[in-house]
Amino acid sequence: MATVTDPPRESFRLSMLLNDTRYRSYTFQFIALLLLIAFMSWLGMNLVRNLALLGQDISFEFLGQPAGYDINQRPIPYENQDSHMRASFVGVLNTLIVAFLGCLTATLIGVTAGVARLSKNWLVAQLMSIYVEIFRNVPVLIWILIIFFVMTAALPAPSAYRGEDPQASMLFDAFAFTNRGIYVPKPILEPGSTAVLAVLLASIAGVFYYRRYATKLLYDTGKLLPMLWPSLAILVLPTLLAYFLLGRPITLENPELRGFNFQGGIQVRGSLIALWLALAVYTGAFIAENVRAGIQAVSGGQTEAAAALGLRPKRIMGLVVLPQALRIIIPPLISQYLNLTKNSSLAIAVGYMDITGTLGGITLNQTGRAIESILLLMLFYLLISLGISAVMNVYNNAVKLKER
């Protein structure tokens with residue numbers, strides 16, 4: 001009985017790297033990688049050689065030298081004799097603050113405008129369309145300047161709050177709106193405040209747990225639990241109870257007019273507010289289009305079926321349409337968050353000292369370390385962009401369509 005044997009395997013030859021389709025793509029990729037490494041090495045050696053001719057080298061020792069300049073918005077203590085490293089860190093915090101506030105506000109504006117654009121009310125839909133078309137078709141720098149100039153011209157000077165019959169008055173004797181910024185009460189933490197903050201964090205975690213439980217119960221049994229009032233009760237009641245039982249360890253320091261300006265409290269400078277609002281309304285217009293596209297991508301039969309079951313329009317949007325639209329909205333939303341963070345580098349136009357204004361501006365000009373400063377600046381924006389992408393991708397995986 002004859003036996004079937006496998007054909008002899010062909011031995012490997014160098015010509016197969018180009019002629020054999022199994023290896024050809026790897027060969028071209030390897031060649032492209034070698035060319036890229038050679039090109040980057042040539043650029044690096046050229047940089048080192050040119051710096052040597054100028055008597056310079058690449059060094060980051062300048063970060064330990066005194067900065068010698070002031071920063072108007074200081075989330076942490078800082079003096080002009082602190083190091084360039086600390087000045088850069090203050091700039092990093094300022095960038096993160098405006099990016100966080102901008103992303104949060106842009107999301108609220110974008111979701112609201114995107115849903116309103118699909119409203120059956122003709123006036124509401126047209127107003128949202130006008131908002132989207134105007135704000136997304138004008139450069140964000142122009143909006144930053146417009147909002148900053150309007151705030152400077154429209155709000156009164158601190159001197160308007162002086163006298164027995166002042167031209168302006170504080171809101172609730174705690175908030176002052178001036179052309180130099182907005183002054184708000186400053187929380188003063190006393191012994192026992194840590195416990196109150198811990199209870200607050202636990203309450204926030206409890207709200208998330210309750211909402212997750214309510215959502216799971218809805219999907220499993222169809223029973224709809226109330227969301228708003230239980231969430232507020234879980235958040236507020238334990239915190240207030242701990243606050244009063246511990247003797248009110250957190251107090252507020254209100255701003256007061258002393259001399260030519262307000263003292264005490266927290267000053268939110270006009271440059272921060274202008275940058276924050278401009279980035280929010282500009283990016284919110286793009287997010288509104290992403291939300292509108294995501295909602296319209298959901299089959300109309302889903303809405304009709306939900307309405308046939310007796311659900312109200314608000315419930316249909318919150319329980320049926322938006323959960324399905326999220327898997328379409330989230331990917332472009334990540335790009336909008338990245339764009340907003342990078343657009344915050346325009347802060348220097350209104351005098352807001354972010355990382356571009358400190359490390360990429362004054363520090364670079366004072367030390368002459370352009371290459372080092374730009375490299376650090378690029379590294380920061382790269383890391384913050386990767387961080388935003390990582391967090392949002394985790395959320396995207398959580399809301400994406402689950403298939404069996």
For this session: May I ask you to decide if the ring planes of Phe135 and Trp143 are parallel, tilted or perpendicular, using 30° and 60° as cut-offs?
Result: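 Answer is parallel, since the angle falls under 30°.
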
Restricting to non-hydrogen atoms, name the atom on [X] and the atom on [Y] that form the minimum distance, rounded to 0.1 Å.
X	Y	result
Thr363	Leu359	CB-O, 3.8 Å
Thr105	Leu101	OG1-O, 2.8 Å
Val199	Ala242	CG2-CB, 3.9 Å
Ala113	Ala288	CB-CB, 3.8 Å
Phe380	Leu96	CZ-CD2, 4.4 Å
Ala325	Gly294	CB-O, 3.3 Å

For this session: Apply side chain to side chain contact (heavy atoms under 4.5 Å, CB included) to the pair Tyr210 and Leu225, showing each step before the final yes or no.
Result: CA-CA 10 Å; Tyr210 172 78; Leu225 295 179; 3.8 Å; yes

Using atom types as modelled and distance alone, determine if a side-chain donor or acceptor of [X] lies under 3.5 Å from a backbone N or O of [Y].
X	Y	answer
Asn343	Val140	no
Thr95	Ile355	yes
Gln267	Phe262	no
Ser345	Lys342	yes
Tyr243	Val196	no
Asn46	Trp42	no

For this session: For the pair Tyr282 and Leu340, evaluate side chain to side chain contact (heavy atoms under 4.5 Å, CB included) and give the outcome as yes or no after the intermediate values.
Result: CA-CA 9 Å; Tyr282 177 78; Leu340 187 149; over 6 Å; no

Might you confirm whether atom [atom1] of [X] has over 12 heavy atoms from other residues, nucleotides or ligands at distances under 6.0 Å?
X	atom1	value
Met378	CE	no
Met392	CE	yes
Glu79	CD	no
Phe30	CZ	no

Just how far is it from atom [atom1] of [X] to atom [atom2] of [Y], taken to the nearest 0.5 Å?
X	Y	atom1	atom2	answer
Ser373	Ile362	OG	CD1	12.0 Å
Ile295	Ile329	CD1	CD1	6.0 Å
Ile388	Leu383	CD1	CG	11.5 Å
Ile371	Ile374	CD1	CD1	10.0 Å
Leu377	Thr356	CG	OG1	4.5 Å
Phe148	Ile273	CZ	CD1	10.5 Å

Test item: [X] and [Y] side chains (from C-beta on) under 4.5 Å apart, heavy atoms:
X	Y	result
Leu275	Asp354	no
Ile330	Leu333	yes
Leu200	Leu235	yes
Val132	Arg292	no
Ile76	Phe89	yes
Ile250	Leu189	yes
Tyr352	Arg269	no
Ile348	Met353	yes

Exercise. Does a donor on one side chain and an acceptor on the other come within less than 3.5 Å for Thr358 and Tyr69?
Worked result: no

Exercise. In terms of side-chain heavy atoms, does Thr341 have a donor or acceptor partner in Tyr381 at a distance below 3.5 Å?
Worked result: no

For this session: Test Val298 against Val320 for side chain to side chain contact (heavy atoms under 4.5 Å, CB included), laying out the working first.
Result: CA-CA 9 Å; Val298 178; Val320 178; 5.8 Å; no

Seminar exercise, completed: side-chain contact (heavy atoms from CB on, under 4.5 Å) filter on Ala305, not counting sequence neighbours, yields none

Exercise. Are Arg117 and Glu289 close enough for a salt bridge, meaning some N to O gap below 4.0 Å?
Worked result: yes

Exercise. Which pairs count as salt bridge (Lys or Arg N to Asp or Glu O under 4.0 Å) when at least one residue sits in residues 204-217, sequence neighbours excluded?
Worked result: Lys216-Asp220

For this session: Give the C-alpha distance, both sets of side-chain angles, the deciding distance and a yes or no for side chain to side chain contact (heavy atoms under 4.5 Å, CB included) between Ile109 and Ile287.
Result: CA-CA 8 Å; Ile109 295 175; Ile287 294 177; over 6 Å; no

For this session: Name all residues meeting the salt bridge (Lys or Arg N to Asp or Glu O under 4.0 Å) criterion together with Arg258; count only those two or more places apart in sequence or in a different chain, and write none if there are none.
Result: Glu256

